Chemist: 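My structure is below; once you've seen it, I'll send some questions.
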Number of protein chains: 2
Amino acid sequence: MAPPSKPRRATVHDVAAAAGISRGTVSRVLNGGYVSAEARAAIEAAIAQVGYVPNTAARNLVMRRSQAVGFLALEPHSLLLDDPNIGAIMLGANEVLSVADHQMVNLVVDSARDTERVARYLSGGFVDGAIIVSARTHDPITRVIAELGLPATFVGHPPDLHRSIPFVGIDNVGSARAITTRLAATGRRHLAMIAAALDRDSGADRLTGFREALGDRFDPRLVAEVPLYDYASGVKGMRELLAREPRIDGVFAASDAVAAGALEVLRDAGRTAPADVGVVGFDDSTWALRTQPPLSTVHQPAREIGRNAAELVLRQLRGEEPAPGNVLLPTPIVWRDSA
Amino acid sequence: MAPPSKPRRATVHDVAAAAGISRGTVSRVLNGGYVSAEARAAIEAAIAQVGYVPNTAARNLVMRRSQAVGFLALEPHSLLLDDPNIGAIMLGANEVLSVADHQMVNLVVDSARDTERVARYLSGGFVDGAIIVSARTHDPITRVIAELGLPATFVGHPPDLHRSIPFVGIDNVGSARAITTRLAATGRRHLAMIAAALDRDSGADRLTGFREALGDRFDPRLVAEVPLYDYASGVKGMRELLAREPRIDGVFAASDAVAAGALEVLRDAGRTAPADVGVVGFDDSTWALRTQPPLSTVHQPAREIGRNAAELVLRQLRGEEPAPGNVLLPTPIVWRDSA
DNA sequence: TTGTATGCGTTATCAT
DNA sequence: ATGATAACGCATACAA
C-alpha cells in the first residue's frame, strides 16, 4: 500500500532540455529579461509541451518572498459567524492585494494549537505581511509578528504594546458620541446603553463615547454590559435594562445585531420604536434593514477599511518612507426609522 | 530610500555553529531521529539562543509538501456575506486539519485575476490539498486541480467532469422532497416555491425535490426563480408569487434567508404565518430563529460537513486505499412555528 | 550516534 | 543575448 508516488512535475531543467536552451534563459523569459524572440518562442512552446508550472517553494527560497499576505482572523467564532463586517473587510483587502498581484491567505486561529501553528506558518516565510483583525491585547500572535518584524496592519485598535504596527479603523468614541447626541436630540430623557465586548477596544470606546455625550446626565445604572456583539446579547441586555428602569425611552446598542435583539424584547414588552423608545445601533450592517423598523445607526465603511489595511501593508512591503501612520475612516450616521 | 534590508534569520547552520555540532544532527533533533541526550540539550539551548525558526520554504522544497490545505471559496460575494453555513464549515474543517497539524489556508476567488493567481498558488506547491466549496461546473480552478492531481474534496455536488474528486454534502433532492411533503401534510392546497441559485447543484436539486414531492399537483407557475440564496431574493420571489397567484397558502423557500424575505412580504401583504400561509426554509441557519415566527426548516450539519471534507483530503494525503467515496450527511427536519 | 555530501527547483552573478 | 555556476535553507542517504 505505498502512497501514490507524486508524479514529478516538469522543472525549468526539463523545459530547457525540451527547448534545447539553457536554464538561465528559461528563467529569463519567465521573469522578464533580455531574450531573443526566437529563443522566447522556442521556450514558450516547450513550456506548453511539458506542462511546466513554476515551483513556488523554490522561488520563495531564493527570492525571499512569497507574494502572499496573511489575513488573520482571531476569535473566529464571533468573527466568522457573527461579525457582519468581516466579510466586507476581507473582500476589500483582497481587492487591493489582488491588483498588486499578492495572494491573500486567510488564517483562522481557533485554539492554542492553531496559535502555535499559525505562528510557525508566519515565521516560515509563507507570507510577506499580515493584516490582523480584532486582536486582543497581549495576543501571542501579535507578539510573534512584532518580533519577526513582519510588515503588518491592525484592523481596529492595536494592542498598546506594539505602536510600531499601524492600524486602520474608525473613531469609535467620536461615532458613539455623535449618535448618542443625535438620539438625545429627539427629546428622550432616559437614555440607556447596551455595551458589548468591553474587552475589545471598539466595545470600550463606544461606551466612552456614550458617556461623554451624556456628561452629567450619564447614569451608570442604565448601562447593561454584555459579552458579544450579537443578537442574543441584545436580548439579554434589553431585559436587564427594562428590569432596572422601565421608564427608558432611548437605547444605544453597541451593534446592529444587539439592537435587533433589543427591539424584539421591546416588542414583546409591548413597547414600539420609535414611539415609546428610540433605538440606535452601530455598523450599518445587513441587520439594519432587516429590523422592523429599520435601524438608525453608524455606518462602518467595512470595504474601505479592508482596502486601506491592505494598502498599508503593501506600503511597508515597498519600504516606503516615512512609515505609514494610522488611518481613521469617516463614519456617517444613517438615520432611519428606529429613533 | 533603500527598502529596509530584511534581517537575516538564523538558520540550521547558525545553531549548529553555536552548539558546536553538525547541521545534520540539528536537523535530526528537529525532525526526530537518533540523537544523544547531551547533543539534544546543547542544540535546544542553541536554538533558543540564536532564535532559530525553520524556513518553511526550504523545508517544503526538499520535503515536497507544505502541511497546508487550501480552502477555496468561490463566488465570495454571496458566499462570505450571505451564506450562513460557510463559517461553520470552515471551522469544522479547521478543527480536523488542526489536530492533524495542517494549516488551513483560506483562498478567496473574487475575479478573473484572482482565478489565475490562485491557480498559480495551487500549482506552486503551497498546499498539499484543497477543499472547494460551491464550485460551479467548468470552473477553471476545478480544472487546474484535476490536472494537477491535487488531493481535493468538494463541498456540495462536484462538477460532473471530475468524478475522481470526492465530495461531501447533503441529499438536497431528498431533503427538499421531505420538507415539501411535510408542508403539504399540514393541509395546504396551493404550494409554491422560491427557487434560488438554479445554476448551482444545490439550487437545482432543491427544486427537483419540490417537484417530486408534489407529483401531479406540481404547478410550474408557482415557482419563482431568483438568483441568490439571500434575503433580497426572498422578497423579490415572494412578490412575484403573490402577484401570480394570491391564493398561495404554502411556500418552500430555498434557504432560510430567502424564507425571511418572503415572510416580510407576506406580513406587508397582511398575511400571517402559519395561519394564512405556511413557510418553510432550508439550512437551519441563524436566520431560522430570528424570524417571526421561527422557521420550520431543514437542518444542515455544517460543521460536520467541514470536518468530513477535511477528513477526506487527509485520507488522500495519506494515500489510503481504496480511494475515498462521496459522503452524504443526514439532514433532519426541524419543525418550528412558521408552518 | 554523528558528520559529510548531495539534491530539491529557482534566481542571480558572472563570464562569454 | 546566452550559458555555466553558485547560492537559498533544509533533509537525508551514506560513511564513519
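Protein chains get the first letters and strands the later ones, always in sequence-line order, with residue 1 at the start of each. Since the model is a prediction, treat every value here as computed from it, not as a measurement.
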Chemist: Filter on salt bridge (Lys or Arg N to Asp or Glu O under 4.0 Å), then keep only pairs touching residues 86-106 of chain A, sequence neighbours left out; what's left?
Modeler: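 Found E95(A)-R303(A), E95(A)-R307(A), D101(A)-R120(B).
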Chemist: So which of residues 21-29 of chain A are in contact with DNA chain C, with a heavy-atom cut-off of under 4.0 Å?
Modeler: G24(A), S27(A)
Chemist: Taking NE2 from H13(B) and P from dA11(D), how many angstroms apart are they, rounded to a whole number?
Modeler: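 Taking NE2 of H13(B) and P of dA11(D), I get 15 Å after rounding.
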Chemist: Can you measure from CD (Q103(B)) to CG (L122(A)) and round to the nearest 0.5 angstrom?
Modeler: 8.0 Å
Chemist: Take atom CE of M63(A) and atom P of dG9(C), then tell me their distance rounded to the nearest Å.
Modeler: 18 Å
Chemist: Tell me: CZ of R40(A) to C1' of dT2(D), nearest whole Å?
Modeler: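 Between C1' of dT2(D) and CZ of R40(A): 14 Å.
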Chemist: What class does the angle between the rings of F126(A) and F126(B) fall in, given that below 30° is parallel, 30 to 60° is tilted and above 60° is perpendicular?
Modeler: perpendicular
Chemist: Can you check the L30(B) CG to dT12(D) P distance for me, whole Å?
Modeler: 11 Å
Chemist: Tell me the closest heavy-atom pair linking R113(B) and S98(A), and the distance in Å.
Modeler: NE-O, 3.3 Å
Chemist: Distance check, rounded to the nearest 0.5 Å: L317(A) atom CG versus L150(A) atom CG?
Modeler: 8.5 Å
Chemist: Got a sec? Which of residues 47-62 of chain A come in under 4.0 Å of DNA chain D, heavy atoms?
Modeler: L61(A), V62(A)
Chemist: Starting at the 5' end of DNA chain C, which residue's closest nucleotide do you reach first, E38(B) or V12(A)?
Modeler: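 Nearest-nucleotide comparison on DNA chain C picks E38(B).
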Chemist: Between S36(B) and dT2(C), is there a contact of a side-chain N or O with OP1 or OP2 at under 4.0 Å?
Modeler: yes
Chemist: Shortest non-hydrogen contact from R117(A) to D114(A)?
Modeler: NH2-OD1, 2.6 Å
Chemist: How close do A18(B) and Q49(B) get, counting heavy atoms only, and between which atoms?
Modeler: CB-OE1, 4.5 Å
Chemist: For T11(B), does its backbone N or O pair with a side-chain atom of D14(B) as donor and acceptor, under 3.5 Å?
Modeler: yes
Chemist: How far does CD1 of I165(B) sit from CG of N326(B), to the nearest 0.5 angstrom?
Modeler: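 The CG atom of N326(B) is 11.0 Å from CD1 of I165(B), to the nearest 0.5 Å.
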Chemist: Rounded off to whole Å, could you give me the CG-to-C1' distance for the D14(A) and dC8(C) pair?
Modeler: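 Value for this atom pair: 13 Å.
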Chemist: Does OP1 or OP2 of dG9(D) have a side-chain N or O of R64(A) closer than 4.0 Å?
Modeler: yes
Chemist: Measure the distance from CZ on R65(B) to C1' on dA11(D) and round it to the nearest whole Å.
Modeler: 11 Å
Chemist: For the pair made of CZ in F126(A) and P in dC10(D), what is the distance, rounded to whole Å?
Modeler: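 Distance check: F126(A) CZ to dC10(D) P gives 13 Å.
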